[in-house]
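The block underneath contains the structure these notes are about, expressed in structure tokens.
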Number of protein chains: 2
Amino acid sequence: MARAGLTRERLARAGAELADEVGFDEVTVSALARRFDVKVASLYSHVKNSHDLKTLICLLALEELADRGAAALAGRAGKDALAALANVYRDYAREHPGRYAAAQLRLDPEAAAASAGVRHAQMTRAILRGYNLTEPDQTHAVRLLGSVFHGYVSLELGGGFSHSAPDTQTTWTRVIDALDALLRNWPAPSGPGPAHRSTS
Amino acid sequence: MARAGLTRERLARAGAELADEVGFDEVTVSALARRFDVKVASLYSHVKNSHDLKTLICLLALEELADRGAAALAGRAGKDALAALANVYRDYAREHPGRYAAAQLRLDPEAAAASAGVRHAQMTRAILRGYNLTEPDQTHAVRLLGSVFHGYVSLELGGGFSHSAPDTQTTWTRVIDALDALLRNWPAPSGPGPAHRSTS
DNA sequence: GCAATTACCTAAAAGCCTTAGGCAAGCGGA
DNA sequence: TCCGCTTGCCTAAGGCTTTTAGGTAATTGC
């Protein structure tokens, strides 16, 4: 009987499509086997286990996102670059919600270090070249931008902002305006002051 | 034989503890039954299905978070209030990672409207009373704050900032400084300008 | 103390994960 | 061309989780 021609790459790709269709949580070895019209056990020649499969999809999504980010950043600087990268994340999450969810998978440290995740941090840092930030403020700003991008996109995707005025597109552009203004005018550290501190 | 005394409330509470111990994704009807030393089917008298159980835990977490937020905000205003609420989210996520993950569960709209989620939005809006923002900027700011809180906490919890200098506590206080500065100096909308727009 | 309720049980079917071992397809070399 | 080896996909099987149906015993209220 003819072989299906399974590969780790093909599994990752099909798994990513499946994730976008039914949600990342519903991606299962069984479902993927059905999609290839193959018995479940056959996948275990290519994939260690269910978690390995999800890791593959995560890595694929991180690569795609990083590629899109790099393309969007090329030739841009300052606020233009900021908006471009921000939109890459948001657009990707809307086009490929399953893949975006996959990209949030917690990778073990070595896998994370070898993944495209590092390119993401580099791209965010590259944006800050258009603003006058020195260390350690640059790192603080990288983390802030990452938090806003991820937080906004995931809340919006989860329906957190749903159906209330003003529309989320308007808020999104205003948030980018605000981040741009903030980066151009990054505040000096406040004194110890009365601000409540975390107890941990 | 003696009865276990199961209740929706007790199930939610035990489920929350279980989530903190093994992770929200590993919370299962079976595991919870084991914890009560009871057969699995018995839980189905109290809980519709697995998703219903997770919803219960989510609602519990949202309540707890809102209660902590309200307590932290009492008697505070301005940056002090901002830092207090921010720390509530972060501290809660660190103390109760499983519950925090549960709070991110996507609720169906009516459940969401009846949940403590609305109190969260109100609290964030209350903070903005200490800053001079009018609609629609106030809503934009509410969404931005929500994004930063959620995004930062979830990235930090997922290890996104792990083991790199400067430490995350320093970044966190600087991020709050930055948000405070931004809210005190909220920028006017930029013109149409050259900024890249989302294609969607 | 008895009836009615309800809490928990047994039983069973279905789906997913994972491992072990078998057959055959397709490749390399003679 | 034919043979053997590798490897891709298979069958079989055990274990865990979900969910439903229907039974028995504990508790509540009169």
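The chains referred to below are lettered A, B, ... by the order of the sequence lines, with proteins before strands, and numbering in each begins at 1.
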Does CZ belonging to A:Arg35 count more than 12 external heavy atoms closer than 6.0 Å?
-> yes
Counting side-chain heavy atoms from CB outward, which of C:dC17, C:dC8, D:dT17 is closest to A:Tyr44?
-> C:dC17
Calculate the interatomic distance between A:Arg8 atom CZ and D:dT7 atom C1'; express it in whole Å.
-> 16 Å
With the side chain counted from C-beta on, respond yes when B:Val148 and B:Leu145 share a heavy-atom pair under 4.5 Å apart, and no when they do not.
-> no
Looking at D:dT18, C:dC8, C:dA11, which one has an atom nearest to any side-chain atom of B:Ser50?
-> D:dT18
Just compare D:dC9, D:dT11, D:dA21 and give me whichever is closest to any side-chain atom of A:Val38.
-> D:dC9
Could you please name the option among D:dT19, D:dC9, C:dC9 that lies closest to any side-chain atom of A:Ser42?
-> D:dC9
For the side chain of A:Arg34, counting heavy atoms from C-beta on, which of C:dC16, C:dT10, D:dT17 is nearest?
-> C:dC16
Measure from the ring center of A:His96 to the ring center of A:Tyr100 and say whether it is less than 6.0 Å.
-> no
A:Lys39, nearest nucleotide to its side chain (from D:dG8, D:dA21, D:dT11) | D:dT11
N/O donor to acceptor pairs below 3.5 angstrom from side-chain atoms of residues 125-134 of chain A, sequence neighbours left out:
unit_1: A:Arg125; atom_1: NH1; unit_2: A:Glu135; atom_2: OE2; d: 2.6
unit_1: A:Arg125; atom_1: NH1; unit_2: A:Gln138; atom_2: OE1; d: 3.3
unit_1: A:Arg125; atom_1: NH2; unit_2: A:Thr139; atom_2: OG1; d: 3.4
unit_1: A:Tyr131; atom_1: OH; unit_2: A:Lys79; atom_2: N; d: 3.3
unit_1: A:Tyr131; atom_1: OH; unit_2: A:Asp180; atom_2: OD1; d: 2.6

Mind listing the residues from residues 9-32 of chain B sitting with a heavy atom below 4.0 Å of DNA chain C? Number order is fine.
-> none
A:His51 side-chain N/O to C:dC17 phosphate OP1/OP2 under 4.0 Å = no
Do you see a donor-acceptor pair shorter than 3.5 Å between the side chains of A:His46 and A:Thr7?
-> no
Please say whether more than 12 non-hydrogen atoms of neighbouring residues, nucleotides or ligands are located less than 6.0 Å from CG in B:Asp108.
-> yes
Roughly how many Å is it from NZ in B:Lys48 to C1' in D:dT18, rounded to a whole number?
-> 15 Å
